[in-house]
Amino acid sequence: MWALRAAVRRGLRLSRVGRGLPAPRAAAPSCPARALAAVGRRGPGNLEGPWGGGPGLRADGGRSRAEDDEEEPEDADENAEEEELLQGEPLLPAGTQRVCLVHPDVKWGPGKPQMTRAEWQVAEATALVHTLDGWSVVQTMVVSTKSPDRKLVFGKGNFQHLTEKIRGSPDITCVFLNVERMAAPTKKELEAAWGVEVFDRFTVVLHIFRCNARTKEARLQVALAEIPLHRSNLKRDVAHLHRGAGSRGPGESFMQVQQRLLREKEAKIRKALDRLRKKRQLLRQQRTRREFPVVSVVGYTNCGKTTLIKALTGDAAIRPRDQLFATLDVTAHAGALPSRMTVLYVDTIGFLSQLPHGLIESFSATLEDVAHSDLIVHVRDVSHPEVELQKRSVLSTLHSLQLPAPLLDSMVEVHNKVDLVPGYSPTEPNAVPVSALLGHGLQELKAELDAAVLKATGRQILTLRVRLAGAQLSWLYKEATVQDVDVIPEDGAADVTVIISDSAYGKFRKLFPG
């Protein structure tokens with residue numbers, strides 16, 4: 001295990017607007033305090049690898065000194081440029097915010113959501129708001145609409161009623177409109193009518209992402225995802241942009257200057273992410289040479305992925321949080337299966353429905369590691385009322401990553417939180433019911449993973465006769481998984497049962513012929 005930790009830690013630790021409204025009552029980023037807690041504690045099985053770990057963000061959105069010290073040495077100029085790229089205005093106001101949650105309910109037509117109900121969508125939106133420290137939902141309004149894509153979202157009568165209620169509630173400091181994305185003109189019109197700032201789902205989720213991102217790579221990915229938001233808000237915010245930024249080319253208007261600066265920033269972020277992607281590829285090659293099986297654990301946000309990995313590895317340093325997007329930086333953790341085979345469990349970012357493709361695209365480099373894993377474990381929260389919709393969202397995202405068909409076909413489905421559903425029994429074939437929190441079903445799951453990893457990696461279980469006087473036995477302990485040793489004293493030999501890959505077995509035969 002020491003060799004495993006040394007190799008993985010050496011190889012895996014890569015990672016490291018104004019408008020003329022009444023001032024909404026704050027001005028600096030509001031990151032969830034729970035998301036700022038340090039998670040860089042090293043312990044058995046906690047492999048802070050290409051993705052992960054390290055102390056959290058400071059309240060001002062910067063990175064702690066300790067994290068800088070832990071990162072791999074980099075070119076000073078590149079480091080300074082990347083830090084500059086990470087500077088940005090807060091997406092949401094800070095401090096205590098009393099939110100009016102407005103949910104457009106489409107009851108008919110092509111825009112009607114499938115396999116969900118308004119109350120479930122409102123519950124998830126409420127959970128997003130409560131992820132932000134100091135934010136609370138003080139009013140919830142579910143309002144019917146035929147055409148949520150119209151400029152004012154609602155029909156004239158409903159819009160007027162909404163406006164009267166929001167204007168007549170002085171305790172409301174902002175509105176969360178539960179739509180995927182608002183166009184800049186829509187945001188401007190709604191804010192002018194309601195007299196408070198209005199935010200959409202994309203902005204809220206992106207802000208949570210920014211607060212939960214700890215490594216440089218994740219923070220750059222968030223910065224990349226913010227570019228379209230800044231671009232769409234440019235006209236509305238142009239009067240408030242810093243007019244000294246950049247030099248104008250011949251004939252450039254101020255708007256053109258700002259657009260050019262955004263393009264340049266986007267190109268620089270993509271270049272920095274590409275550098276990190278290349279490092280990730282090198283580190284992945286090191287893992288491949290070491291032949292550690294990799295199990296990627298995926299699922300809808302807050303389904304219990306991190307809790308399950310903690311239960312499978314026994315790693316006390318893993319600290320799950322009951323919070324949406326608690327895991328944003330992908331981390332790896334070592335664990336042993338019943339066969340004594342050591343595997344790496346990769347904890348991935350949780351998925352969410354109704355997220356723009358651009359946000360997923362920004363994190364494609366991180367999710368790229370899923371494509372290079374040996375096995376995918378899909379964790380589902382069977383206690384959630386929208387469990388089927390969540391499954392569809394996860395599978396849709398996985399398919400959009402263009403993963404290899406054999407990897408998708410061999411996916412192990414884990415039904416988590418069965419302790420919250422008395423008498424639960426899965427209807428899907430081959431699904432494994434567990435309670436990661438209470439430890440129910442873990443032995444059955446480990447046995448399933450054992451068989452699946454053996455099949456996916458092509459490893460064999462062999463019994464080899466080795467000489468006790470030579471280096472064969474120690475070599476097998478180092479390069480394979482030794483299950484049993486039956487010593488034969490009179491022959492000075494032993495029959496050793498091992499789990500071994502084809503390539504390792506080939507090396508063994510070459511080093512110890514006969």
Side-chain angles (χ1 to χ4, degrees), residues 15 17-19 28-31 57 61-63 78-93 179-188 197-249 252-277 325 328-329 349 352 354-368 397 400-401:
S15 21
V17 243
R19 25 166 270 105
S30 164
C31 297
L57 295 175
R63 187 176 47 188
E78 286 182 1
N79 218 7
E81 181 182 87
E82 289 169 3
E83 285 300 322
E84 185 178 348
L85 292 172
L86 293 171
Q87 304 305 313
E89 294 297 318
L91 299 175
L92 298 177
V179 296
E180 179 181 309
R181 218 29 215 282
M182 280 186 299
T186 296
K187 179 178 173 67
K188 181 178 179 180
E197 286 198 84
V198 183
F199 304 105
D200 56 22
R201 191 178 177 92
F202 178 61
T203 306
V204 171
V205 171
L206 192 55
H207 183 82
I208 296 171
F209 273 31
R210 182 197 276 192
C211 293
N212 281 10
R214 300 176 184 90
T215 62
K216 180 181 293 183
E217 182 171 23
R219 293 167 66 207
L220 284 168
Q221 288 167 329
V222 172
L224 179 63
E226 290 176 5
I227 294 292
L229 189 63
H230 296 319
R231 188 172 284 130
S232 66
N233 291 336
L234 184 56
K235 286 184 179 180
R236 182 174 59 85
D237 295 337
V238 68
H240 301 277
L241 292 174
H242 181 51
R243 296 181 177 274
S247 59
R248 299 190 187 190
E252 281 187 304
S253 67
F254 177 68
M255 176 68 70
Q256 290 170 331
V257 171
Q258 301 307 322
Q259 290 172 335
R260 173 171 57 80
L261 290 175
L262 278 176
R263 288 194 301 270
E264 291 172 356
K265 182 176 182 178
E266 180 179 13
K268 289 177 181 178
I269 293 174
R270 291 188 183 278
K271 184 178 178 180
L273 284 171
D274 190 53
R275 287 196 297 266
L276 294 177
R277 185 192 295 259
F325 302 114
L328 192 60
D329 303 290
I349 178 177
L352 188 74
Q354 297 180 355
L355 279 185
H357 179 74
L359 189 56
I360 298 173
E361 181 189 11
S362 298
F363 281 78
S364 61
T366 300
L367 293 171
E368 189 178 75
T397 302
S400 73
L401 297 174

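For the numbers below, each heavy atom of this structure counts, side chains included, while hydrogens, waters and symmetry mates do not. Nothing here was measured: the structure is a model prediction, and the numbers come from that model.
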Can you tell me how far [atom2] of [Y] sits from [atom1] of [X], rounded to the nearest 0.5 angstrom?
| X | Y | atom1 | atom2 | answer |
| --- | --- | --- | --- | --- |
| Glu197 | Leu92 | CD | CG | 8.5 Å |
| Leu220 | Leu224 | CG | CG | 8.5 Å |
| Leu206 | Glu226 | CG | CD | 5.0 Å |
| Gln259 | Arg231 | CD | CZ | 8.0 Å |
| Glu180 | Asp200 | CD | CG | 9.0 Å |

- Query: Is the backbone of Phe199 close enough, under 3.5 Å, to the side chain of Lys187 for a donor and an acceptor to pair up by distance?
  - Reply: no

- Check ion pair Glu266-Arg270 (N to O, under 4.0 angstrom): yes

- Message: For a quick test of reading the model, state the closest non-hydrogen atom pair linking Ala225 to Pro228 and the distance between them.
- Response: O-CD, 3.2 Å

- Message: Between Leu262 and His230, does the side chain to side chain contact (heavy atoms under 4.5 Å, CB included) criterion hold? Intermediate values first, please.
- Response: CA-CA 8 Å; Leu262 278 176; His230 296 319; 4.0 Å; yes

